[in-house]
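See below for the structure under consideration.
Residue numbers start from 1 in every chain, and the chains themselves are labelled A, B, ... in the order their sequence lines are given, proteins ahead of strands.
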Number of protein chains: 4
Amino acid sequence: MSHIRGRFKKPADKLVAAYTASLSCDRRLYRQDIAGSIAHARMLAKQSIISDDEAKQIVTGLETIRKEIEQGKFAFRDEMEDIHMAIEARLIELIGEAGRKLHTARSRNDQVSLDMRLFVKETVTDTIGGLRGLQGALLDLAEANIDVVIPGYTHLQAAQPVLLAHHLLAYFEMLQRDVARFGGCFGRADVLPLGSGALAGVAYAIDRDFLARKLGFTRISANSLDAVADRDFIVEYQAAAAMTMMHLSRLAEEIILWSTAEFGFITLDDAYATGSSIMPQKKNPDVAELARGRAGRVYGGLTALLTMMKGLPLAYNRDMQEDKAVLFEAVDILLPTLEVFAGMVRTLEVNAEATGVAVERGYILATDLADYLVKKGESFRTAHEIVGKLVSYALEKGKDFGQLDIKEYQQFSSHFGEDVLKITVASSLAARDVPGGTAPERVRQALAEARELIAGR
Amino acid sequence: MSHIRGRFKKPADKLVAAYTASLSCDRRLYRQDIAGSIAHARMLAKQSIISDDEAKQIVTGLETIRKEIEQGKFAFRDEMEDIHMAIEARLIELIGEAGRKLHTARSRNDQVSLDMRLFVKETVTDTIGGLRGLQGALLDLAEANIDVVIPGYTHLQAAQPVLLAHHLLAYFEMLQRDVARFGGCFGRADVLPLGSGALAGVAYAIDRDFLARKLGFTRISANSLDAVADRDFIVEYQAAAAMTMMHLSRLAEEIILWSTAEFGFITLDDAYATGSSIMPQKKNPDVAELARGRAGRVYGGLTALLTMMKGLPLAYNRDMQEDKAVLFEAVDILLPTLEVFAGMVRTLEVNAEATGVAVERGYILATDLADYLVKKGESFRTAHEIVGKLVSYALEKGKDFGQLDIKEYQQFSSHFGEDVLKITVASSLAARDVPGGTAPERVRQALAEARELIAGR
Amino acid sequence: MSHIRGRFKKPADKLVAAYTASLSCDRRLYRQDIAGSIAHARMLAKQSIISDDEAKQIVTGLETIRKEIEQGKFAFRDEMEDIHMAIEARLIELIGEAGRKLHTARSRNDQVSLDMRLFVKETVTDTIGGLRGLQGALLDLAEANIDVVIPGYTHLQAAQPVLLAHHLLAYFEMLQRDVARFGGCFGRADVLPLGSGALAGVAYAIDRDFLARKLGFTRISANSLDAVADRDFIVEYQAAAAMTMMHLSRLAEEIILWSTAEFGFITLDDAYATGSSIMPQKKNPDVAELARGRAGRVYGGLTALLTMMKGLPLAYNRDMQEDKAVLFEAVDILLPTLEVFAGMVRTLEVNAEATGVAVERGYILATDLADYLVKKGESFRTAHEIVGKLVSYALEKGKDFGQLDIKEYQQFSSHFGEDVLKITVASSLAARDVPGGTAPERVRQALAEARELIAGR
Amino acid sequence: MSHIRGRFKKPADKLVAAYTASLSCDRRLYRQDIAGSIAHARMLAKQSIISDDEAKQIVTGLETIRKEIEQGKFAFRDEMEDIHMAIEARLIELIGEAGRKLHTARSRNDQVSLDMRLFVKETVTDTIGGLRGLQGALLDLAEANIDVVIPGYTHLQAAQPVLLAHHLLAYFEMLQRDVARFGGCFGRADVLPLGSGALAGVAYAIDRDFLARKLGFTRISANSLDAVADRDFIVEYQAAAAMTMMHLSRLAEEIILWSTAEFGFITLDDAYATGSSIMPQKKNPDVAELARGRAGRVYGGLTALLTMMKGLPLAYNRDMQEDKAVLFEAVDILLPTLEVFAGMVRTLEVNAEATGVAVERGYILATDLADYLVKKGESFRTAHEIVGKLVSYALEKGKDFGQLDIKEYQQFSSHFGEDVLKITVASSLAARDVPGGTAPERVRQALAEARELIAGR
């Protein structure tokens, strides 16, 4: 910007102007920037640093600019370095001398921190909304399929039967922690930086508490150097977003697995699947795959932010400009992913027949057999060994547990009685009757509590 | 481990045993593992799942094992897969049949989660202690040099004078946010997973609240699948550690810069510097450099953890074993860095002569000149331009502001009067008399508040 | 080390000594360090910088030390900073004054670069050996199951039938690129840094070409500052390792998927699987899971190395010490993974029955139907639409293509004739008779070429 | 795209369409896509799979579309999924039935791989051009300041004097390795994937060698599954770009340091510096700072790509779509950075006065004193200790070496004679007369060789 280059003998080289410009990225902050400038002008007038009339002109000018931008009439020109300078230059164009006073007692350093803090606070609110929406969809799906049993897996090997609803509630819990983490981030973003100036505070009798009230901040920053050098709240949003995307990538993986012909547990709604340019039969779970892939991009953004902050001396360094492109990308991935997942989850169909077959397969009740022996007096470790050998025997015979007769059982332990044949998927579920367990009554209660939890907030 | 391979016809291949063994890494968890097992045994007895006598034997056995480990008498053998199996095997060796009952109503999946949660909770407490220690050292250094002024930098160009104490308080603030973030992590780690079994809950009438009380947990996990599949608390510790290391890398960078002959602001104590194998004169700030480099390793650990969790279907997968090596490395970097930084900061000497020279150099008071003009009625933007041209003129003449006479000033603005010559570093500091600003009285107050803050916790 | 602290008045603080020590990590470089020192001593004697007798004493002393280390008799003491100082100190202890001359015309900066370059070159050779071993195992498995057909997947949805051998050859190709990448890394590591001194070259008439020949380097470094500041060869190894681990993580994923009851395509050998502490029936693919998880750690190491090198001014900075721990971890992950995968692949059993069922499932021949219509004169895009509708119809009727009669086909296109019923998995495979395609003859030829390729090296 | 959704009963949900669309990103590939389609159409005609007339119509249509795009007349509509579908749809609109034949014997899977390989090959060429340009600028700066001496630093402490030209040549070497690495990437990208179809090869008698020749590829892919599942060439470009950005971040750091008032070694041209919104005196090295920060983003992209490829089963998965946004960002950072750095380096001014002062400061010739003693017969280790004590003594006296008299020297070693006073910066430089050393004649020769090297390509 020429008007801050008083000490220079040349304009910036064109390549330099292009290399340093951030307008195409940070124009997105126009609302926050204008809101901050309006509050700043009002405070300057209240403190008699500018006149009431000047403040009025500034506010009117800024509101005009906001409208121009929203109506697509604002000419974003390349030679404007960033959104802050673009708005200030237009303001001066519109109202003249009064506009030249807006930047009194302010620096771009505290201004950009303000804009980003306003943005992050709004975005956290949207993010928590998105998390709640997906939690609701998970509960809907769980309730609509309350009786469906699936194999619970460890190491992707069928382990023990669980209710599908119980499985879905695990994701509810993950998202619940995400809500809490974003809440922590909100609290640390909720600090007014304005008044820190370039880095040392400002030489005017400003009223920072007034600014905080007007702009909706709970606290003001305690140290001016820190206020302009700090991007923790951005890194923290990104870290929380990375964690949420990790959770969603796990859900995505399961949706992809369960949609295969081999698993066949679910069928995606046609509106949530895509086709192939060459293979007419294909119905692909692209939404889940893209979310899984985009987790990588949000992770990459976290690497980017941490790396760019590493080893930076205080206070502001231009490296920090790059925080915006990274954060915006994360937000533009996370919010739509939450929204589209809610739709995908809510519309998918569960194939109870396929899950029913899967849950009877293999030796998924082996733990129940071991527990049976324990209840007959065997130690667990011995019981485990006995059932291990029984599995080995059954495998060789090519039989399921249900196809073994009581004599075969008794070859392995005299503790086995006829009642062993009463061990079923249903009895296995019912037996896990502990808080957090998959017993149907426990799961119903957990669903009810989850409903209350998201309603209550 | 042979005793859980009942269904297998062969032992694991030697390469496989070596590839899957985690004992050399997770043996570090022996205290947590034994504490968890003791609580579990007591609960099993209380619920009459095992007898009181069996519990007593188990507890005594486990305490013996703890002593064996602490006295270096425990034979960690390669064929033991992990610390959990190593301790169970030794217990069975020591007490026989009762030992075979310990694993009743428990899986390694909930056991390892328990151990790690206990570990993370203790480690957070240590980390907050380390943060407090470094905060104290920063305050000591600030108070011991309360009158020292340094150039405040942006873009590593001298910007405006600030008190060194003000600059150091910026780091205090960063660490203060770190304390809060680790606190959030503690809260989310403070959840008892025991009772989740392999993934579905357990088929015994256990008392999870009793376990939580005995082991110092505030809450019990709400979903068994989530409890064994969740590593959020580990990723969250790592993310908080990465942020702290980022903060320390910034402090490290400044210590390195300030120790150069060119800056010369500080001299490290001989006990905190190292020499060269070839250059006899060298006194190197290796501690600061290593911390800066190790920030990269903690960042890398965060990448590692997020990547390893990406796309994992529920519940436990063996990939998750790798969380331990990564977390332990972060802890073994972070805690010593906090400790050694406290010593380095407390013992370094500030060279007030050098900072005094630096702060008089260049046109560091240019903003004060612009503010002067604003107070005389000029708009800030115009004042900025005028002073920019004055700087350009002074540069050409090879003069500092102090070497210009009043006529030269007045060539640029008729607003300049004799009082412009009264603008000094001291007046510049004093003028930044806003909350968070560098005015000496504000800084003294901030120091006092900071002292209270760390004392109060 | 006290003997390089002539200018200091105090020893390093204990915490500092512990914080900066790298001996526990870099002692692994003793062979390279001693080899480098022997060559250096011989060169010094050849150039008459030291006497022949001194060189002889040094060489004998160093060989003694090597033996001491290899026999576990070398006392690694904490106060020795690193392997270089530990060996030098022991040498002086053993042979006195001559030992004090070894470090003439050398610095730790060029010494450590030398050691690491020797280490990387050896490790690349081992890595290529490991890659070749796994390639061989893949070919063995492919040849042993040359007739097995599996569904080829895109989006994890069955797409078109392919030969298992064809699928395995895709991994062969990936590893082939890995071999080339490691080869490039070798070339860039193969540069002698010795003679660069601390950073400026040395002030002695040394013979760098002699050193290069003795130590097996093809070239000598062209710039002394670069030679001591460069860690590209380490980052490049890590990047190549990350790529290989990525490839292995994909193979791991497929092994895990194919081992599920739902896919059932393969059975791991009992020696390559592990059990559960609680569930007696479990047979888990832990090796594959761990490799997948460890990919994350190698990625993290790459983040670590790049981050630690970011923004470092020339030449050596202590941050760079951290390269060793990171690289060693990558090597200790990659080499065993290649070895254990070769065993796992070679011993796994393919279940041709299960793959046979899978390949007949669904509408996997839909592309062949579209191609059929194209050959009858339809445009591909139209043919695709027709078959898409046919699939939709068949889905509704709950029929496979084979269960539709010719009249049903003809409802969708009059181009369908009786010959459409001759489209089979076998005809589909045979039709892909292009270079790189899955037609059996093409695959046999590709196998033969692959065999030659790994034999030829 | 509706025309590949024959089997679906509903269109994609709007959110889904937006979530999966890649057009705004991949439209950048239109040139490559059209070139590939033209070659494909010609090959289809040559093989009589379509008629010559159809091919002609297709080619003309595609050339029209290319013009439409280049003239800004092409209506990119949201409902077109990607650039491939957008062009095909427009082609059908323009030429009708013939357009419906273009996708014969092709899939988007091999098409997108083709487009990206063409893009990467072109981009590597541009990148090498950019590297050459910056190398040239470094040589220009070096030659223009051939006599300037600066302190060489290790640990950012002055270590030994070096020629500035020697220092700059270190960067030349780094970029030279970058050229080689990008060359390796080019070779691995230079493989034609077309003909691989969806994943299994195609069922038409195509001529892949013809395609390779027409499109400028040296080789054709050996395995169809690998060809569509492989993104190594993209990850490899990103890894090489990360390494180059790391090198540039080091140069950036030095430019930032050297531009400080404290170092004062260089002055950036006004056209390559920027001002402050608040501080009129500021001249900031923003270009260097942004490059340093953007290194973080390219690192992040590498994390993203590796993470998104981790654990993906063969062959194509939609996750892989995300490679484009990441790669494009890296290219859009790297190429302009190389260009703007060349300008910045070429126009900066070296302040020989300041470097002259810096190089006389401290005890930078201490190594030369130690070497002096070695040449008088002392062992290096003893000489190092002696000079270390001498430094300690001089520090206490507050004297430089030049201010000590010969008697003071002789207190530390009787080897010191009058000639010790002849050790100067110039003699120190001249003494480093080894290949790669900083002796002026060596540096001149290195410059000449570097010139030849970049001219020769």
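At a 4.5 Å heavy-atom cutoff, the contact between E339(C) and chain B is made by backbone and side-chain atoms alike. For P11(B), the part lying under 4.5 angstrom from a heavy atom of chain C is the backbone only. When heavy atoms are compared at a cutoff of 4.5 Å, K283(C) approaches chain B by way of both its backbone and its side chain. Proximity to chain B (any heavy atom under 4.5 Å) is restricted, for L312(C), to the side chain, taken from C-beta onward. With a 4.5 angstrom heavy-atom cutoff, S249(B) does not touch chain C via any of its atoms. Proximity to chain C (any heavy atom under 4.5 Å) is shown, for A18(B), by neither the backbone nor the side chain. Neither the backbone nor the side chain of T347(B) has a heavy atom closer than 4.5 Å to any heavy atom of chain C. With a 4.5 Å cut-off on non-hydrogen atoms, P336(C) touches chain B through its backbone and its side chain both. With a threshold of 4.5 angstrom between heavy atoms, V287(B) approaches chain C through its backbone and through its side chain. Residue A295(C): no heavy atom, backbone or side chain, is found under 4.5 Å from chain B.
Annotation: side chain of D286(B) is not in contact with side chain of Y19(C) (no heavy-atom distance under 4.5 Å). Inter-residue side-chain proximity for P193(C) and V228(C) is flagged as unmet; no heavy-atom pair is nearer than 4.5 Å.
Annotation: maximal heavy-atom pairing with chain B below 4.5 Å, among T307(C), L305(C), I333(C), T303(C), occurs at T303(C). Comparing M279(C), Q321(C), R294(C) by how many heavy-atom pairs each has under 4.5 Å with chain B, the most go to R294(C). Contact count versus chain C (heavy atoms, under 4.5 Å) is highest, among D13(B), T20(B), T104(B), N109(B), for D13(B). The residue among L15(B), V16(B), L290(B) with the most heavy atom pairs within less than 4.5 Å of chain C is L290(B). Ranked by non-hydrogen atom pairs under 4.5 Å with chain B, the options K310(C), E322(C), M308(C) are led by E322(C). Of all the listed residues (Q111(C), K282(C), E329(C)), the one sharing the greatest number of non-hydrogen pairs under 4.5 Å with chain B is K282(C). Per-residue counts of heavy-atom pairs under 4.5 Å with chain B were compared for H84(C), K10(C), E289(C); the largest is that of E289(C). Contact count versus chain B (heavy atoms, under 4.5 Å) is highest, among A291(C), G197(C), P285(C), for A291(C).
No side-chain donor-acceptor contact under 3.5 Å links H40(C) to the backbone of L194(C). The backbone N or O of A271(C) sits less than 3.5 Å from a side-chain atom of D269(C), completing a donor-acceptor pair. A donor-acceptor contact shorter than 3.5 Å links the side chain of S224(C) to the backbone of L199(C).
Using a 4.0 Å cut-off between a side-chain N of Lys or Arg and a carboxylate O of Asp or Glu, E81(C) and R108(C) qualify as a salt bridge. A salt bridge links R231(B) with D323(B): at least one charged nitrogen is closer than 4.0 Å to a carboxylate oxygen. Using a cut-off of 4.0 Å between Lys/Arg side-chain N and Asp/Glu carboxylate O, D319(B) and R292(C) are scored as salt-bridged.
Contact detail for A105(B) and L44(B): the closest heavy-atom pair is CB-CD2, 4.1 Å.
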